[in-house]
Number of protein chains: 2
Amino acid sequence: MADRLDQVFAALADPTRRAILTMLLEDDMAVTDVAQPFAISLAAVSRHLQVLAAAGLISQEQRGRVKWCKLEPDALREASVWMQAFGMMGPLDLDAFERFLDTELGAGADD
Amino acid sequence: MADRLDQVFAALADPTRRAILTMLLEDDMAVTDVAQPFAISLAAVSRHLQVLAAAGLISQEQRGRVKWCKLEPDALREASVWMQAFGMMGPLDLDAFERFLDTELGAGADD
DNA sequence: GGTATATTCAACCATCCGGTTGAGCGATCA
DNA sequence: TGATCGCTCAACCGGATGGTTGAATATACC
């Protein structure tokens with residue numbers, strides 16, 4: 001019952017999984033091709049991919065006997081926003097920041 | 001051995017530690033005060049703080065018999081940059097940030 | 001049909017993680 | 001000096017994690 005942020009950050013905490021995401025940045029890949037550069041077993045890579053999929057960081061689509069893996073950057077967005085909040089704000093008072101948010105959102109900020 | 005990114009993401013993967021960081025956003029705190037809202041032992045919180053410090057996310061300064069904990073947002077910046085590399089996400093999604101305020105600050109420290 | 005390919009499952013192992021409790025230790029204060 | 005406070009350490013426990021190997025499943029090819 002891990003929170004979504006728990007899953008995303010935990011998935012990102014492993015260097016193999018980060019490397020996989022980086023590979024998928026270029027193109028969708030089959031499981032076997034994802035596994036190719038790594039010195040671990042195919043089964044291990046398959047489970048890494050399951051972790052990434054559970055966190056929503058990738059999606060997997062079965063086509064024939066090949067399972068294609070696709071990066072899903074939306075899952076990163078939530079975590080990225082969480083982190084940027086700290087980077088931006090630093091130790092400053094939240095009330096002021098909430099007022100800032102109200103004016104920003106109220107002004108119809110559309111991304 | 002663990003890469004710095006490994007440590008940062010692993011530290012962020014725990015909801016208690018994220019709640020601690022959120023608390024420290026408002027002000028520096030002593031270990032005992034950090035532990036106060038949580039239903040776990042002081043020793044457990046102390047170790048959470050050590051994990052955060054090892055990841056560089058907080059710094060700790062001993063003053064008398066009290067150890068003060070201070071947020072260090074720079075460590076987050078590195079991880080945030082890593083995520084930015086996946087592109088497609090704007091610098092700050094205000095809607096997502098509003099959800100962050102609701103969930104992390106609202107539900108915050110009482111888990 | 002039979003064989004090769006793509007992927008997962010299951011069992012197992014070592015290690016890590018988050019929690020506990022109880023002892024220990026330096027700093028403070030009456 | 002002795003009691004208390006603030007915090008950490010050490011040992012322990014149960015469950016998760018990351019790796020392995022070997023069997024299983026399903027699809028594709030000849």
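No donor-acceptor pair closer than 3.5 Å links the side chain of A:S80 to the backbone N or O of A:L76. The backbone N or O of B:W68 sits nowhere less than 3.5 Å from a side-chain atom of B:R63 that would complete a donor-acceptor pair. Side-chain atoms of B:T22 come within 3.5 Å of backbone N or O of B:R18 as a donor-acceptor pair. Using a distance-only test at 3.5 Å, with no hydrogens or angles considered, no donor-acceptor pair links the side chain of B:R17 to the main chain of B:H48.
Annotation: of the two residues near DNA chain D, B:V31 and A:A44, the 5′-most nearest-nucleotide partner is B:V31.
Near DNA chain C, meaning a heavy atom under 4.0 Å away, the residues from residues 50-60 of chain A are A:Q50.
Following rounding to the nearest Å, B:W68 (CH2) and D:dC5 (C1') show an atom-to-atom distance of 14 Å. Whole-Å rounding puts the A:D14 CG to C:dC16 P distance at 14 Å. A:H48 has its NE2 atom 9 Å from the C1' atom of D:dT17, to the nearest Å. In this structure, A:L42 places its CG atom 15 Å from C1' of D:dG18, rounding to the nearest Å. Rounded to whole angstrom, the span from the CD1 atom of A:I40 across to the P atom of C:dT7 amounts to 15 Å. Across the protein-nucleic acid pair, A:F9 atom CZ and C:dC17 atom P stand 17 Å apart, rounded to whole Å. Atom pair A:L49:CG and C:dA6:P shows a separation of 15 Å (rounding to whole Å applied). Protein atom CZ of B:R47 is 10 Å distant from nucleotide atom P of C:dC17, rounded to whole Å.
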request  = Starting at the 5' end of nucleotides 25-30 of chain D, put B wherever the base has a protein heavy atom under 4.0 Å, S where only the sugar-phosphate does, and a dash everywhere else.
outcome  = --BS--
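Residue A:A43 is classed as a base contact, given a heavy-atom separation below 4.0 Å to a base.
More than 12 non-hydrogen atoms from other residues, nucleotides or ligands lie less than 6.0 angstrom from CD of A:Q62.
Side-chain proximity of B:S41 to the nucleotides C:dT21, D:dT20, C:dT7 is greatest for C:dT21.
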